[in-house]
K.L.:
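Sharing a structure below in structure tokens format, with a few things to ask.
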Protein chains: 2
Amino acid sequence: MPNSKLYKGSLTTIILKLLNEHDKMYGYEITQKVKELTKGELNITEGALYPSLHKLEADGMLDVEVVKVENRLRKYYKLTESGTKETVNKLEELQNYIKTMQALVGKLA
Amino acid sequence: MPNSKLYKGSLTTIILKLLNEHDKMYGYEITQKVKELTKGELNITEGALYPSLHKLEADGMLDVEVVKVENRLRKYYKLTESGTKETVNKLEELQNYIKTMQALVGKLA
DNA sequence: AATTAATACCTAAAATTCTTATGTATAGTA
DNA sequence: TACTATACATAAGAATTTTAGGTATTAATT
């Protein structure tokens with residue numbers, strides 16, 4: 001199973017960006033979407049995902065809506081206004097970091 | 001003082017790549033070189049750097065040579081053969097991660 | 001002359017973030 | 001009946017970094 005290790009801090013950025021594009025998603029859906037988009041390269045573990053979602057919610061970045069679908073619970077998350085702003089910041093931060101790394105280790109992509 | 005946070009795992013890659021280009025360097029020199037190459041964007045703290053260097057040495061990636069210059073100690077590190085191979089691996093890993101992130105969050109660079 | 005900044009090494013406590021390992025529960029499939 | 005997929009969750013441990021200290025010499029500033 002090929003599975004790149006996450007680099008510190010990038011999980012939050014991934015979550016925010018996906019929610020920015022898909023309006024609302026639930027946790028399990030996020031893990032599947034990441035697998036799909038990266039062709040199995042990156043597997044978000046639930047042990048990392050759920051605590052991250054809870055923290056983003058506690059920080060006011062996400063709103064939650066619990067829905068019962070086929071007798072199973074789903075917790076749909078969506079960006080708050082702050083969350084949308086934070087998404088922009090995080091994406092800039094990531095862009096910037098990649099540029100910085102290129103200055104250090106040469107062209108990478 | 002602008003200072004991007006390091007993403008987990010990237011410090012080792014930075015150290016290896018710099019040593020790959022400069023043959024031998026000492027710790028303090030690495031911090032200064034990173035500052036210079038990133039125009040102050042990235043500051044490698046000594047609390048992160050020295051333990052990393054010691055670990056790379058313990059893992060057989062680096063050789064050390066202690067030199068006294070102007071009555072001050074310098075510990076010059078250079079890549080071992082394993083270290084050179086590991087540098088290639090780490091750079092590939094980073095390249096791959098950036099590609100993966102692009103698949104997730106769109107073109108970033 | 002005395003303090004501060006720069007050079008050069010170091011470690012330890014704390015914080016952060018992730019992996020690994022569990023646990024619960026329902027629905028569908030072999 | 002057992003396994004897989006769906007869907008949530010937490011807790012212990014590992015890994016890496018920040019923060020905060022410590023030692024010592026030399027150069028620059030006050």
Side-chain angles (χ1 to χ4, degrees), chain A residues 1-16 24-36 40 42-59 61-62 64-77 90 93-94 97 100-101, chain B residues 1-16 24-36 40 42-59 61-62 64-77 90 93-94 97 100-101:
Chain A
M1 319 276 121
N3 187 19
S4 316
K5 307 274 181 210
L6 277 171
Y7 281 59
K8 176 174 135 192
S10 53
L11 177 56
T12 298
T13 308
I14 292 171
I15 294 172
L16 291 174
K24 69 176 185 176
M25 298 180 85
Y26 55 102
Y28 186 77
E29 187 184 10
I30 292 176
T31 66
Q32 300 310 302
K33 185 56 98 180
V34 168
K35 229 183 266 182
E36 177 200 324
L42 200 57
N43 274 21
I44 302 302
T45 62
E46 300 185 321
L49 178 68
Y50 290 116
S52 280
L53 286 172
H54 300 161
K55 183 169 192 311
L56 284 168
E57 189 198 348
D59 292 346
M61 302 297 135
L62 304 181
V64 193
E65 184 199 357
V66 181
V67 177
K68 199 163 205 172
V69 179
E70 285 160 24
N71 213 34
R72 280 199 220 89
L73 284 185
R74 283 184 190 170
K75 286 186 151 185
Y76 278 98
Y77 290 92
K90 284 288 185 182
E93 199 179 291
L94 180 58
Y97 193 73
T100 299
M101 288 304 282
Chain B
M1 317 278 121
N3 188 19
S4 314
K5 308 271 180 214
L6 276 172
Y7 281 59
K8 176 173 133 189
S10 54
L11 177 56
T12 297
T13 308
I14 292 171
I15 294 171
L16 291 174
K24 69 176 184 174
M25 299 180 84
Y26 55 101
Y28 186 78
E29 187 184 10
I30 292 176
T31 66
Q32 300 309 303
K33 185 56 99 180
V34 168
K35 230 183 264 182
E36 177 200 323
L42 200 58
N43 274 20
I44 301 301
T45 63
E46 300 186 323
L49 178 69
Y50 290 115
S52 280
L53 286 172
H54 300 161
K55 183 170 192 311
L56 284 168
E57 189 197 347
D59 292 347
M61 302 298 136
L62 305 181
V64 193
E65 183 199 356
V66 181
V67 178
K68 199 164 206 172
V69 179
E70 286 160 23
N71 212 34
R72 281 199 218 87
L73 284 184
R74 283 182 190 172
K75 286 186 151 185
Y76 279 98
Y77 291 91
K90 284 289 187 182
E93 198 179 292
L94 180 59
Y97 193 73
T100 299
M101 288 304 282

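No hydrogens, no waters, no symmetry mates; every other heavy atom, side chains included, goes into these values. Letters A, B, ... are given to chains in the order of the sequence lines, protein chains preceding strands, and every chain is numbered from 1.
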K.L.:
Phosphate oxygens OP1/OP2 of C/dA25: is one of them under 4.0 Å from a side-chain N or O of A/N71?
P.N.:
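Answer no for this pair, as no side-chain N or O of A/N71 is under 4.0 Å from OP1 or OP2.
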
K.L.:
How many whole angstroms separate atom OH of A/Y7 from atom C1' of C/dT19?
P.N.:
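Checked: the OH to C1' distance equals 16 Å.
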
K.L.:
Atom CG of B/L49 to atom C1' of D/dT17: distance rounded to whole Å?
P.N.:
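Whole-Å distance recorded here is 12 Å.
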
K.L.:
Mind checking side-chain contact (heavy atoms from CB on, under 4.5 Å) for B/K8 and listing every partner two or more places apart, or none if nothing turns up?
P.N.:
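B/K8 satisfies side-chain contact (heavy atoms from CB on, under 4.5 Å) with A/K8 only.
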
K.L.:
Please report, rounded to the nearest Å, how far the P atom of C/dC18 is from the CG atom of A/N43.
P.N.:
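Taking CG of A/N43 and P of C/dC18, I get 15 Å after rounding.
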
K.L.:
When the distance from CD of A/E57 to C1' of D/dA9 is rounded to whole Å, what number comes out?
P.N.:
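The distance from CD of A/E57 to C1' of D/dA9 comes to 14 Å, rounded to the nearest Å.
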
K.L.:
If you define the side chain from C-beta out and look only at heavy atoms, does anything of B/L53 sit under 4.5 Å from B/V64?
P.N.:
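No. Closest side-chain heavy atoms not under 4.5 Å.
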
K.L.:
My understanding is that only residues two or more places apart in sequence, or in another chain, count here; which of them pass side-chain contact (heavy atoms from CB on, under 4.5 Å) with B/S10?
P.N.:
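Scan of B/S10 (side-chain contact (heavy atoms from CB on, under 4.5 Å), adjacent residues dropped) gives A/Y7, A/Y97, A/M101, B/L6, B/Y7.
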
K.L.:
What's the CD1-P distance between A/I44 and C/dT17, to the nearest Å?
P.N.:
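Value for this atom pair: 14 Å.
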
K.L.:
Please report the distance, rounded to the nearest Å, between OH in A/Y97 and C1' in D/dT17.
P.N.:
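Distance, rounded to whole Å: 11 Å.
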
K.L.:
Round to a whole Å and report the spacing from NZ of B/K8 to C1' of D/dT18.
P.N.:
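In whole Å, D/dT18 C1' and B/K8 NZ are 15 Å from each other.
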
K.L.:
Got a sec, which residues hit side-chain contact (heavy atoms from CB on, under 4.5 Å) with B/K24, two or more places apart in sequence or on another chain?
P.N.:
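B/K24: side-chain contact (heavy atoms from CB on, under 4.5 Å) contacts with B/E65, B/Y76, B/K78.
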
K.L.:
For nucleotides 2-15 of chain C, give me one character per nucleotide, 5' to 3': B if any protein heavy atom sits under 4.0 Å from the base, S if the only such contacts are to the sugar-phosphate, - if neither.
P.N.:
----SBSBBB----

K.L.:
Between C1' on D/dA15 and NZ on B/K90, what's the gap in Å once rounded to a whole number?
P.N.:
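Between C1' of D/dA15 and NZ of B/K90: 11 Å.
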
K.L.:
With sequence neighbours left out, which residue pairs that include part of residues 25-36 of chain A fulfil the salt bridge (Lys or Arg N to Asp or Glu O under 4.0 Å) condition?
P.N.:
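Listed once each, the pairs are A/K33-A/E36.
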
K.L.:
Apply ring-ring contact (aromatic ring centres under 6.0 Å, His included) to A/Y28 and list each qualifying residue two or more places apart in sequence or on a separate chain.
P.N.:
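A/Y28: no ring-ring contact (aromatic ring centres under 6.0 Å, His included) contacts found.
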
